[in-house]
2 protein chains.
Amino acid sequence: MKLPDASASTDASRATARRQQILHAAAQCFREHGFHGASIAQISKTAGMSPGHIYHYFDNKEAIIAAIVAQDLESLLTLTAELRAACNVRAALIERAAEGVADQLDPAGAALKLEIVAEAARNPRVAQIVREADATCRRELAITIGEIRRAAGHQDTPAAIEHMVEVLASLFEGLLVRTIRNPGLDRARVAQRIQIAIDDLLDQPD
Amino acid sequence: MKLPDASASTDASRATARRQQILHAAAQCFREHGFHGASIAQISKTAGMSPGHIYHYFDNKEAIIAAIVAQDLESLLTLTAELRAACNVRAALIERAAEGVADQLDPAGAALKLEIVAEAARNPRVAQIVREADATCRRELAITIGEIRRAAGHQDTPAAIEHMVEVLASLFEGLLVRTIRNPGLDRARVAQRIQIAIDDLLDQPD
DNA sequence: TATTCTAGATCGAACGCTCATTCTATGTTA
DNA sequence: TAACATAGAATGAGCGTTCGATCTAGAATA
C-alpha cells in the first residue's frame with residue numbers, strides 16, 4: 001500500500017517533463033534526419049539521457065513517432081477550433097488565415113509536417129492519426145465556410161462546401177512545399193495574395 | 001582502345017536499360033518505405049539482380065536518390081514547358097491545369113513527390129536539384145501568367161507576378177498533401193473548384 | 001534523529017540483426 | 001583470350017532494443 005499524495009503528483013509531473021524532453025529532442029532529430037534517418041542514440045544524446053532510459057517512457061521508436069505526430073496535429077486542431085470560435089464573419093476568417101499562412105511558411109515547422117505526411121503515405125498507424133485529425137479540421141472548416149456562404153445568400157450542397165474546404169486546405173498546405181522548394185519567397189506578399197484567393201474562394205458560384 | 005560501333009551502342013543501351021530497371025525498382029521501394037527505410041537489398045530484389053551489381057551502375061545509395069529526384073522533376077519540367085508552349089490563352093492554361101491537378105492527386109505519385117520534398121528539407125544535394133527545377137518552372141509560369149495578365153490589361157510588377165505564381169504553385173502542390181490526408185476526396189469536383197480558383201487568381205487586382 | 005530499506009530513475013554495455021558497401025569468383029560474349 | 005556482366009558471400013559499422021548494475025530520495029524503523 002502506498003499513496004503519498006504529494007510525491008505521486010511530483011513523480012507524475014517529473015515523468016511528464018521527461019517525456020516532453022524526449023519528444024522535444026526527437027522532433028529536432030526527426031526534422032534534421034527524418035523518422036528513419038534519426039537514431040535512438042542521436043535522440044538520447046540530444047535529450048541528455050541514455051538510450052536505454054528512453055524505453056522507460058516509450059515502448060519503441062514507432063511510439064515516439066506516433067506521439068510526435070499526435071502532438072503536431074494537436075496544434076493544427078486548436079488553430080482550426082479557434083478559427084471556428086472566432087465570430088463567423090468573413091473578415092475574421094481571412095485575418096486569422098494570415099496567421100496560419102505565416103505558420104506554414106516557417107521552414108523548420110514545415111520540414112516536420114512534411115515528414116509526417118510522407119510517413120502517413122506509407123505507415124498505416126501514422127496515416128490513421130493524420131486522417132482523423134484532418135477529418136476533424138475539415139468538419140470545423142465546413143461549418144465555418146457554410147455559415148459564411150449562407151450569410152452571403154448562397155445555397156450550397158454539403159458536398160460543394162467540402163470541395164471548397166479542400167481547395168482552402170490545399171492552398172494552405174501547399175505552402176509547406178513552397179517554403180522548401182523556394183525558401184526565398186516573399187512571405188508577407190505571398191500571404192496577401194493568399195488572402196485574396198481565399199476571399200475569392202468564398203465567392204465561388206454554387 | 002575500343003569502339004565497336006554496333007556493340008558499343010548495344011552495350012550503352014543495355015547499360016541504360018539496366019539503370020532504368022534499377023531506378024524503377026528504387027522508385028517503388030522509396031514510395032513504399034521512404035528513402036532511408038528502403039534498403040539496397042530490397043531494391044536489388046525488386047530489380048531482380050544482386051545487391052553488389054547495383055554498384056556497377058550507381059556510386060552509392062545517395063546517387064540513386066539523386067537520380068530518382070532528377071527523373072521525377074523532369075516530368076514536372078516538361079509539363080510546365082507544355083503549359084508554356086500551348087497558345088497563351090487563359091482557357092488553354094486552365095484546361096491544362098486540370099491535367100496537372102489530376103496528376104497531383106494520384107496517391108502513388110504523390111507519395112514519392114512528398115518523400116522528395118521532405119528529403120530536400122534536410123539533404124542539401126537533393127535540395128539543390130529540387131530548387132533548380134522549381135526555379136525553372138517558376139520562370140516559365142511567370143512568363144505565361146505575365147502574358148495573360150497583360151492581355152487582360154493589368155500592369156503588374158515582376159514581383160507581383162512571382163507572388164501569383166507562388167499561389168498557383170501552392171494550390172497545385174497542396175493537392176499532394178490533400179490526397180494523403182484525405183484520400184476519399186472527390187477528385188473531379190475538387191479539380192473543378194481549383195480551376196475556378198485559378199481563374200479568379202488571374203483576375204486579382206494589381 | 002539516525003539508520004535501514006526499497007522502488008523507481010538512470011546508465012551504459014551487450015545482443016542480434018540489418019545496413020551499405022566491397023571483394024572475389026564465376027559466367028558470358030565478342 | 002580479353003573484357004565486361006553478374007552473383008553472392010564477407011565486412012565492419014550502426015541500428016533498435018534489452019538487461020543487469022548502480023544511484024537516489026523518500027518511507028519505515030528504531
Side-chain angles (χ1 to χ4, degrees), chain A residues 1-26 29-30 32-68 119 122-123 125-126, chain B residues 1-26 29-30 32-68 119 122-123 125-126:
Chain A
M1 235 167 291
K2 58 104 192 267
L3 44 143
D5 342 353
S7 74
S9 78
T10 300
D11 283 5
S13 70
R14 175 192 201 82
T16 304
R18 274 286 196 239
R19 264 185 71 99
Q20 213 51 40
Q21 185 181 352
I22 294 169
L23 290 181
H24 190 264
C29 292
F30 288 155
E32 287 169 19
H33 306 99
F35 286 136
H36 298 286
S39 70
I40 295 288
Q42 274 174 335
I43 295 171
S44 72
K45 194 166 290 185
T46 305
M49 68 182 65
S50 72
H53 194 39
I54 287 188
Y55 287 84
H56 274 263
Y57 295 98
F58 295 93
D59 280 351
N60 47 43
K61 196 179 167 182
E62 163 124 4
I64 303 179
I65 295 177
I68 291 275
E119 181 71 11
R122 59 182 115 91
N123 180 334
R125 181 122 165 58
V126 171
Chain B
M1 233 165 294
K2 57 108 193 258
L3 46 143
D5 341 353
S7 76
S9 78
T10 300
D11 282 5
S13 70
R14 176 193 201 80
T16 303
R18 272 283 196 243
R19 265 185 69 100
Q20 213 50 41
Q21 185 181 352
I22 294 168
L23 289 181
H24 189 265
C29 292
F30 289 155
E32 286 170 17
H33 306 98
F35 286 137
H36 298 285
S39 70
I40 295 288
Q42 274 173 337
I43 295 171
S44 73
K45 193 166 290 183
T46 305
M49 69 182 67
S50 72
H53 192 40
I54 287 189
Y55 287 84
H56 276 264
Y57 296 99
F58 294 93
D59 280 351
N60 48 44
K61 196 178 166 182
E62 164 124 4
I64 303 179
I65 294 176
I68 291 276
E119 181 71 10
R122 57 182 116 93
N123 180 335
R125 180 123 165 58
V126 171

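Note that the structure is a prediction, hence the values are computed from the model and not measured. Sequence lines set the chain letters: A, B, ... in the order given, protein chains first and strands last, and positions in each chain run from 1. Both backbone and side-chain heavy atoms feed into the values below; hydrogens, waters and symmetry mates do not.
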Requested in this report: Answer yes or no: is there a side-chain heavy-atom contact under 4.5 Å between B:Phe35 and B:Val126?
Outcome: no
Requested in this report: Ignoring backbone atoms, establish whether A:Tyr55 has a side-chain N or O less than 4.0 Å from OP1 or OP2 of C:dT10.
Outcome: no
Requested in this report: State whether A:Arg14 places a side-chain N or O below 4.0 Å from either non-bridging phosphate oxygen (OP1 or OP2) of C:dT10.
Outcome: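 Checking A:Arg14 against C:dT10: at least one side-chain N or O falls below 4.0 Å of OP1 or OP2.
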Please state how far atom [atom1] in [X] lies from atom [atom2] in [N], giving the value in whole angstrom units.
X       : N      : atom1 : atom2 : value
A:Glu62 : D:dT17 : CD    : P     : 9 Å
B:Asn60 : C:dT21 : CG    : P     : 5 Å
A:Tyr57 : D:dT17 : OH    : P     : 18 Å
A:Ile22 : C:dC11 : CD1   : C1'   : 14 Å

Report task. Assess whether side-chain contact (heavy atoms from CB on, under 4.5 Å) is satisfied between B:Leu23 and B:Phe58, documenting all intermediate values. Result -> CA-CA 10 Å; B:Leu23 289 181; B:Phe58 294 93; 3.7 Å; yes
Query raised in the report: Do the side chain of A:Glu32 and the main chain of A:Cys29 share a donor and acceptor less than 3.5 angstrom apart?
Result: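 No; judged by distance alone, with no hydrogens or angles, the pair does not exist.
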Report summary line: Note: contacts of residues 33-50 of chain A with DNA chain C (heavy atom, under 4.0 Å) are A:Met49, A:Ser50
Query raised in the report: Yes or no on side-chain contact (heavy atoms from CB on, under 4.5 Å) for A:Tyr57 and A:Ile64, after CA distance, side-chain angles and deciding distance?
Result: CA-CA 9 Å; A:Tyr57 295 98; A:Ile64 303 179; over 6 Å; no
Query raised in the report: With under 30° as parallel and over 60° as perpendicular, where do the rings of A:His56 and A:His53 fit, or are they tilted in between?
Result: tilted
Query - From D:dT17, C:dT10, D:dT6, nucleotide with atom closest to B:Arg18 side chain - result: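 So the nucleotide nearest the side chain must be D:dT6.
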Shorter than 3.5 Å, N or O on both sides, protein versus nucleotides 23-25 of chain C: list them out with atom names.
none

Query - Over 12 non-hydrogen atoms of neighbours within 6.0 angstrom of NE2 in B:His36 - result: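 Above 12, so yes.
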Query raised in the report: Between A:Arg122 and B:His33, what is the shortest heavy-atom contact and its length?
Result: CD-C, 3.5 Å
Query raised in the report: For B:Arg18, which residues count as a salt bridge (Lys or Arg N to Asp or Glu O under 4.0 Å) partner, sequence neighbours excluded?
Result: none
